[in-house]
Amino acid sequence: MFVHLDNVKKSYETGEVSTTVLKGVGMELDKGEVGVILGPSGSGKSTLLNILGGIDRANSGKVTVGGIDVTGLDDNQLVEYRREHVGFIFQFYNLIPNLTVGENVEIVSNISKSPLEIDKVLKAVGMLDKKSRFPRELSGGEQQRVSIARAVVKNPNLLLCDEPTGALDFNTSRDILKLLQQINKDYGTTILMITHNTAISAMANRVYKVRSGEVIEKNVNETVVPAE
Ligand code: ADP
Ligand code: ADP
């Protein structure tokens, strides 16, 4: 398995109060697959994604991505793992406001080992003609396209999307989901996505339903062929 979570547990300590957020989560994703995580707010979805992306650490259990034992990495190795192997897309784009579209993608490209060509990626997301614009001059959907370009330019093994369409209207959401599918097909990027948008569930290889820090249901969609 390309992505494998085994019995992942996580709790946060706030003063004397301990909150258990993940109660032994298991998850699997093959290379080139699209996985979807569904579940109500506060069920631990973002925490799970952050642990997979090396932003947060599990308390116990094992996480492997592309043969890398993520749980076994020290802090420096975790930074490198994040930089080289993982692309992140968030609900609120997180672009740097005083950099142009091109520059937002370039700063990620500059710190990557084997980046893709910036203009090719901008073309793939339909933003090449707006390369010199600033984020404030773009619509929400366009900003999300740029953040997809920024995540994809480093040619990541794994693309993690935390409610990528959560701030977008219906039609724009559909376009962004189509674009992510296209990225999956064109680059063979494995994608794991938190979403409330059930349209994507039908196109996903695996769907995980999470509630209160546990996987309560998983579905493998055999009819969807993983990307090469
Ligand atoms: P959503 O339901 O859209 O995923 P949340 O409001 O639950 O968003 O959480 C958004 C982010 O805020 C999470 O990724 C988490 O890291 C952070 N967060 C949520 N709750 C807390 C908290 N009690 N203390 C610190 N950070 C939190
Ligand atoms: P979801 O993404 O499903 O909304 P989260 O993973 O954001 O869920 O959060 C799950 C629970 O963990 C929430 O109760 C939230 O308040 C808590 N939480 C998340 N991040 C932190 C944090 N850094 N410190 C304390 N509690 C947190």
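Note that ligands are numbered from 1 as they come in the structure, with each ligand's atoms numbered from 1 the same way.
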(request) Indicate yes or no: does an N/O atom of S43 lie under 3.5 Å from an N/O atom of ligand 2? (result) yes
(request) Would you tell me whether S114 and N155 have side-chain atoms, one donor and one acceptor, within less than 3.5 Å of each other? (result) no
(request) Flag the pair L138 / R145 as yes when at least one side-chain heavy-atom distance between them is below 4.5 Å, and no otherwise. (result) no
(request) Compute the shortest N/O to N/O distance between V21 and ligand 2 and return yes if it is under 3.5 Å, no if not. (result) no
(message) Can you pull out every side chain to side chain donor-acceptor pair (under 3.5 Å) where at least one residue sits in residues 197-211? Sequence neighbours excluded, please.
(response) E33-R206
(request) Compute the minimum heavy-atom distance from G39 to ligand 2 and say whether it is under 4.0 Å. (result) no
(request) Please indicate whether any nitrogen or oxygen in S46 is less than 3.5 Å from any nitrogen or oxygen in ligand 2. (result) yes
(request) Using non-hydrogen atoms of the residue, decide whether P40 is closer than 4.0 angstrom to ligand 2. (result) yes
(message) Using a 4.0 Å cut-off to any heavy atom of S41, which atoms of ligand 2 qualify?
(response) 4 (O)
(request) Go through the structure and list residues passing salt bridge (charged side-chain N to carboxylate O under 4.0 Å, His left out) with D186, not counting sequence neighbours. (result) none
(request) Check whether any side-chain heavy atom of V70 lies under 4.5 Å from a side-chain heavy atom of L52, and answer yes or no. (result) no
